[in-house]
Amino acid sequence: MKPRYPAVVLGVALLALLSACSPFRIVNGLVPSGTHQIEADIAYGPLPRQRLDIYRPLASRLPAGARPPLVVFFYGGNWSSGERADYRFVGEALAARGAVVAIADYRLSPEATYPSFVADSARAVAWAIGHAAALGADPGRVYVMGHSAGAYLAAMVALDPRWLAANDASPKQLAGWIGLAGPYDFLPIGDPKTRVAFDWPATPADSQPLAHASAASPRALLMVATHDRLVDPARNSGAMAQRLRAEGVEVTWRGFDDLSHVTLIGAVAGPFEWLGGPVLPPLLDFIGLKADAR
């Protein structure tokens, strides 16, 4: 059913929600709870922030014997804020349509700085690869996904093989990576919080995902708000797409004129899935699911 109100009106309403205190918890209150199963607070490492939640499709909604894809999602927050529970709407949106989803926490700045959060992300992805079959997912269809700073983490895990190698895994085991509004080339660093997170000016050049794009990189889905004022879509996702394609890597690109840096991820939520493009169909298509599978 199409929404009764103009997209611009509900878009403004969503932007207001996402600009409020604990914004995504408000969005979470609008998504259904009977569309999936959750296994919360699973350790992928020994540290307090090395925990994740698993969202599974209901068995009744899967074809007999189906092995769904597994998506590991990392949230944004300038590497200095965020909680996995705030992104239940992402887990629900994908699990309700047939994916197994892992949403992971990771160490944050200023207590931890680069490369700690990258190392945590790789450890979480390696855990997911190793547990895919036990989770009922297809080990050959593991994807890593992120928004904003989380897209940076997804890119580093997918493109720079040293991080998964440290966990006895490889980017070759990924079916693809998905970046929403990701920063992939941001030196020199001007933002004060980002300077702390990356120990600027001692930030190594190989901390930038763009430096690791190669012919061996997994296929990619890059989605941006074309008028993003926080992360330049041309310098980051645009340059990443160009570099990967030059290396012969398959890249799917989607730009959204009516979404912002924040509402790009907010539009993944079921109640707002039609907003601004929409965002969900290309995401589901990339991981081999149908938008009407809910």
Side-chain angles (χ1 to χ4, degrees), residues 15 18 73-82 106 109 113-115 117-118 121 144-163 171 176-268 276-277 279 282-283 286:
L15 182 60
L18 298 184
F73 175 78
F74 298 107
Y75 49 76
N78 204 9
W79 303 278
S80 61
S81 66
Y106 50 89
S109 172
T113 57
Y114 175 86
F117 33 76
V118 179
S121 302
V144 58
M145 170 184 171
H147 169 250
S148 193
Y152 165 89
L153 298 173
M156 287 296 285
V157 172
L159 303 180
D160 185 349
R162 59 184 165 160
W163 302 109
W177 69 281
I178 302 160
L180 282 71
Y184 309 124
D185 177 32
F186 50 88
L187 298 183
I189 298 174
D191 178 78
K193 287 187 176 181
T194 307
R195 286 187 168 204
V196 172
F198 285 85
D199 194 27
W200 179 260
T203 313
D206 64 5
S207 65
Q208 304 300 286
L210 190 63
H212 303 286
S214 73
S217 300
R219 57 192 280 264
L221 169 62
L222 302 177
M223 297 199 284
V224 300
T226 53
H227 304 296
D228 193 329
R229 296 183 178 181
L230 293 180
V231 177
D232 185 334
R235 177 181 176 181
N236 291 278
S237 294
M240 178 65 76
Q242 184 176 13
R243 181 74 59 83
L244 289 171
R245 286 171 175 157
E247 294 288 347
V249 177
E250 176 189 341
V251 178
T252 301
W253 168 276
R254 292 290 185 272
F256 301 93
D257 293 338
D258 297 326
L259 294 176
S260 70
H261 183 84
V262 177
T263 57
L264 181 66
I265 186 62
V268 172
V279 171
L283 172 55
F286 185 78

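Quick caveat, the model's predicted, so the values are computed rather than measured. Residue numbers count from 1 along this sequence.
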Task: Positive for ring pair (Phe, Tyr, Trp, His ring centres under 6.0 Å) with Phe117, one of Phe74, Phe198, Trp163 - done: Phe198
- [ ] Measure centre to centre between the rings of Tyr114 and Trp79, then say whether the value is under 6.0 Å.
- [x] no
- [ ] Kindly give the heavy-atom pair with the smallest separation between Asp206 and Met156, and that separation in Å.
- [x] O-CE, 3.8 Å
Task: Minimum side-chain heavy-atom gap Phe186-Val231 below 4.5 Å - done: no
Task: Residue pair Val144 / Ala158: nearest heavy atoms and the distance that separates them - done: CG1-CB, 4.2 Å
Task: Interatomic spacing from CG in Leu283 to CG in Leu221 - rounded to 0.5 Å - done: 6.5 Å
- [ ] For Leu187 and Pro204, work out which heavy atoms get closest and say how close.
- [x] CD1-O, 4.2 Å
Open item on the list: Minimum heavy-atom separation for Ala151 and Gly179, please, with both atom names.
Closed with: CB-CA, 3.9 Å
- [ ] Indicate yes or no for a side-chain donor-acceptor contact from Tyr184 to the backbone of Met240 under 3.5 Å, with no hydrogens or angles considered.
- [x] no
Open item on the list: Salt bridge or not between Asp185 and Arg243? Use side-chain N to carboxylate O under 4.0 Å.
Closed with: no
TODO: Output yes when Asp191 and Lys193 qualify as a salt bridge under the 4.0 Å nitrogen-oxygen rule, no when they do not.
DONE: no
Open item on the list: Show the nearest heavy-atom pair for residues Pro183 and Tyr152, with the distance to one decimal.
Closed with: O-CD1, 3.5 Å
- [ ] Measure the CZ-CG distance between Phe286 and Leu222 for me, rounded to the nearest 0.5 Å.
- [x] 8.5 Å
